[in-house]
Amino acid sequence: MNEAARKILSESSGRGLSPPAIRYGNAMIFTTVALMLSIVFHAVMGDSLLLFFSFAVVLSAFYGGLGPGVISALVGLLYFDYFLTPPTDSFTFADHPERVLQGALFVLIAVVVSYAQDRRQKAERHHSNISRELETVLMAIADAVTVQTANGTVIYANQASAEMNGYKSVDEMLKAPITQLQSAVELYDEDDQPFPFTRLPRYRAFAEKTSSDVVVRLVRKDTGSSRWFSLRAAPIVNQRGIPRLAVTVSRDITPMKESHQRLLDLAEEVEEQRERLAGIVANIPAIVWEASGQPGTTGRVDFVNAYAEKLLGYPVERWMTSVNMWQEICHPDDWEGVVEQSKRIFTDSGGAGVVSFRVISKDGRVIHMDAHTSLIIEKTGLARLYGVFMDVSERVQGQRALAAQSEELRRANEELTQFAYVASHDLQEPLRMVTSYLQLVEARYKDQLDDDGRVFINYAVDGATRMKALIQDLLTYSRVQRRQEAFTRIDLNRVLSRVLQNLEVSISESGAIITHDTLPSIRGSEAEMAQLFQNLIANAIKFRREAVPEITINCEKQDGMVHIRVADNGIGIDKQYLDRIFVVFQRLHTRDKYPGTGIGLAIVKKVVENHGGKITVESEVGKGTTFAFTLPIMT
């Protein structure tokens with residue numbers, strides 16, 4: 001609504017709100033003025049002087065309402081009778097019957113005029129109130145409301161309409177011509193095609209005298225911003241039914257459009273996911289099964305894929321109609337176990353777990369199944385059970401075959417270990433006999449033997465001695481392999497002290513310097529730990545350079561394990577041989593240079609593994625070697 005309209009309404013509504021003193025005072029003034037005019041024009045107008053009093057009544061009623069109009073009529077009647085009817089200054093109105101009718105007619109006209117004016121004022125006030133309320137409503141709503149003439153001139157616009165069109169105020173928008181409004185924007189329909197302004201609903205309101213609506217996208221040319229609007233227009237017709245104005249309501253539906261588009265995108269994504277999932281379910285080699293119902297009941301089967309029929313031979317229709325298909329096809333010996341496993345899963349595991357059992361297919365085959373189940377309780381109380389049933393028959397058969405092979409390998413290894421122990425033990429006696437007789441021959445026939453004979457006997461004795469050492473090492477290795485001794489708590493510091501006493505002669509002769517950290521206690525075999533440390537320290541002394549041997553033993557605790565490092569400054573090992581040193585009988589040097597059987601490090605590795613640890617080696621030729629191994633800490 002423009003400023004002029006608001007001003008008129010404000011003024012018209014203000015007239016009915018004047019104080020009573022002013023309204024009745026105006027009535028007295030208007031009547032007095034009428035008296036003066038009547039006196040002035042008495043000689044000219046004669047008995048028609050009630051005309052001035054009639055104007056006074058109309059004005060009093062117009063500005064004051066019914067009460068001031070009636071007062072003005074009564075006072076005017078008295079003024080007329082007293083001042084203008086002879087004899088003057090006397091009340092002669094009652095003495096002239098012709099005046100009675102004239103006075104009654106005057107009062108009747110005055111009352112009618114006053115009543116009509118009073119109704120007009122009330123109507124104006126009511127119209128003003130409604131206008132203000134409507135104005136408040138229109139200015140408050142978020143929808144844009146405009147009223148336009150047939151040529152497009154905007155005669156009313158609310159604040160939302162001004163803001164929508166890029167104006168700071170309604171008055172600024174009302175002053176702008178329609179061409180300016182249209183030139184600032186471009187319209188597009190829902191198919192993203194240009195939308196001409198002549199197709200807007202307001203044109204149909206004038207041309208077809210009907211309401212219509214349309215959805216358009218409005219793009220501002222200056223900023224390039226884009227918004228969606230729903231436009232609806234209706235005609236305002238005159239008494240002859242001809243449209244004189246059109247009301248257009250524009251609603252910004254951009255958020256709704258964006259939400260709708262997001263929903264469409266989401267629906268498309270869901271459909272793609274559904275198709276992808278359906279493709280996966282249709283092609284995976286497993287039975288996908290879904291059921292629903294109240295907790296504690298059998299429920300109904302909602303879905304089962306076609307692989308169920310392919311694997312077990314029963315059609316999908318039977319799965320959907322059967323009360324409990326799994327019980328029907330489950331192996332008789334497994335059903336109670338299935339029930340127990342299911343109860344544990346649903347009560348102890350939160351409704352998710354694996355149930356293993358056997359089923360009997362339609363053609364009589366026994367198939368091992370793993371059912372990966374998941375139970376979900378919805379807010380409504382409905383329970384949904386999902387599981388994927390997988391044929392694990394090949395895995396079960398493989399596990400059985402592997403178990404059988406493992407058992408066979410265990411027996412073979414045990415027999416081999418026993419054979420090595422027995423063979424090594426039994427070889428010692430004939431070897432002792434060979435050595436004894438050779439020594440006896442040497443002692444008895446020493447004078448009769450030439451140099452070659454004595455050399456041959458020495459070779460034989462030396463070979464027998466080496467064989468004895470080899471047999472003893474084999475016995476030691478076989479004992480570690482068999483390990484009959486139970487683990488107990490052992491102090492590695494005490495074990496190391498004993499080892500150093502055993503190697504006292506070698507340490508003294510080589511001048512070796514040995515330092516070590518304080519070692520922890522572990523659960524294990526004291527004899528095997530002694531063999532481990534003795535072999536590593538003895539090797540470090542044996543494979544030394546010309547420099548004084550230096551051997552350091554460090555340890556640190558980490559993640560429940562003790563990490564021990566035995567480092568030396570010896571001759572080192574070429575990296576190409578590092579993967580061979582823990583193999584039985586593998587020697588890297590000739591016997592005449594470094595004696596030994598090649599079993600010591602194999603024993604070390606076996607001891608570490610027997611105690612649940614691992615061993616590694618790092619070495620550099622000419623600089624030394626470091627053996628690192630782990631052992632569980634005593635808890």
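Only a predicted model underlies this, so the values are computations on that prediction, with no experimental measurement involved.
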| request: Give the C-alpha distance, both sets of side-chain angles, the deciding distance and a yes or no for side-chain hydrogen bond (donor to acceptor under 3.5 Å, both in side chains) between Arg220 and Thr223. | output: CA-CA 6 Å; Arg220 293 196 59 83; Thr223 63; 4.7 Å; no

| task | Calculate, to the nearest 0.5 Å, the distance between atoms CD and CE belonging to Gln261 and Met256 respectively. | result |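 Rounded to the nearest 0.5 Å, the CD-CE separation comes to 12.5 Å.
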
| field | Interatomic distance, Ile367 atom CD1 to Ile360 atom CD1 [nearest 0.5 angstrom] | value |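 The CD1 atom of Ile360 is 10.0 Å from CD1 of Ile367, to the nearest 0.5 Å.
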
Would you find a donor on one side and an acceptor on the other, under 3.5 Å apart, between the side chain of [X] and the backbone of [Y]?
| X | Y | result |
| --- | --- | --- |
| Lys221 | Ser183 | yes |
| Glu309 | Gly313 | no |
| Asn151 | Thr153 | yes |
| Asp370 | Ser356 | no |
| Asp391 | Pro285 | no |
| Asn158 | Ala144 | no |
| Glu268 | Leu264 | no |
| Gln148 | Tyr156 | no |

Which heavy atom of [X] sits nearest a heavy atom of [Y], and at what distance?
| X | Y | answer |
| --- | --- | --- |
| Pro243 | Ala205 | CG-O, 3.7 Å |
| Leu311 | Arg365 | O-NH2, 3.0 Å |
| Thr149 | Phe206 | C-CZ, 3.4 Å |
| Ala286 | Val388 | CB-CG1, 3.7 Å |
| Ser226 | Val219 | OG-CG2, 4.1 Å |

| task | Please lay out, stage by stage, how Arg251 and Ser230 fare under the test side-chain hydrogen bond (donor to acceptor under 3.5 Å, both in side chains). | result | CA-CA 5 Å; Arg251 173 169 296 179; Ser230 173; over 6 Å; no

| request: Would you please test Tyr188 and Glu186 for side-chain hydrogen bond (donor to acceptor under 3.5 Å, both in side chains) and show each step? | output: CA-CA 7 Å; Tyr188 297 89; Glu186 293 178 342; 2.9 Å; yes

| Just one of Met369, Arg358, His368 clears the side chain to side chain contact (heavy atoms under 4.5 Å, CB included) bar with Asp334, so which one? |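 It is Arg358; the other options fail the test.
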
| said: Side chains of Arg202 and Thr248 only: does a donor on one sit below 3.5 Å from an acceptor on the other? | reply: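 The answer is no; no qualifying pair exists.
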
| message | Assess the residue pair Arg318 and Glu328 against the criterion (salt bridge (Lys or Arg N to Asp or Glu O under 4.0 Å)); give the C-alpha distance rounded to whole Å, side-chain angles, the decisive distance to 0.1 Å, and a yes or no. | response | CA-CA 11 Å; Arg318 182 171 175 184; Glu328 294 179 20; 3.0 Å; yes

| request: Could you pull out all residues at least two apart from Arg204 that satisfy side-chain hydrogen bond (donor to acceptor under 3.5 Å, both in side chains)? | output: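 Listed in chain order: Glu208.
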
Student check: side-chain heavy atoms of [X] and [Y] closer than 4.5 Å:
| X | Y | answer |
| --- | --- | --- |
| Trp319 | Ile329 | yes |
| Ile71 | Tyr24 | yes |
| Glu269 | Asp265 | no |

| Verdict with supporting geometry, Lys257 and Glu190, salt bridge (Lys or Arg N to Asp or Glu O under 4.0 Å) | CA-CA 10 Å; Lys257 271 287 187 179; Glu190 293 184 282; 2.7 Å; yes

| request: Would you please test Asp171 and Ser169 for side-chain hydrogen bond (donor to acceptor under 3.5 Å, both in side chains) and show each step? | output: CA-CA 5 Å; Asp171 289 336; Ser169 66; 5.5 Å; no

| Could you walk me through whether Arg199 and Asp189 pass the salt bridge (Lys or Arg N to Asp or Glu O under 4.0 Å) check? | CA-CA 11 Å; Arg199 290 176 54 193; Asp189 60 19; 5.0 Å; no

| task | In sequence, state the C-alpha distance, the side-chain angles, and the governing distance for Phe357 and Trp335, and then conclude on ring-ring contact (aromatic ring centres under 6.0 Å, His included). | result | CA-CA 8 Å; Phe357 59 103; Trp335 182 247; 7.7 Å; no

| Near Met390 CE, under 6.0 Å, is it more than 12 heavy atoms from other residues, nucleotides or ligands? |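 Check fails, neighbour count at 12 or below.
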
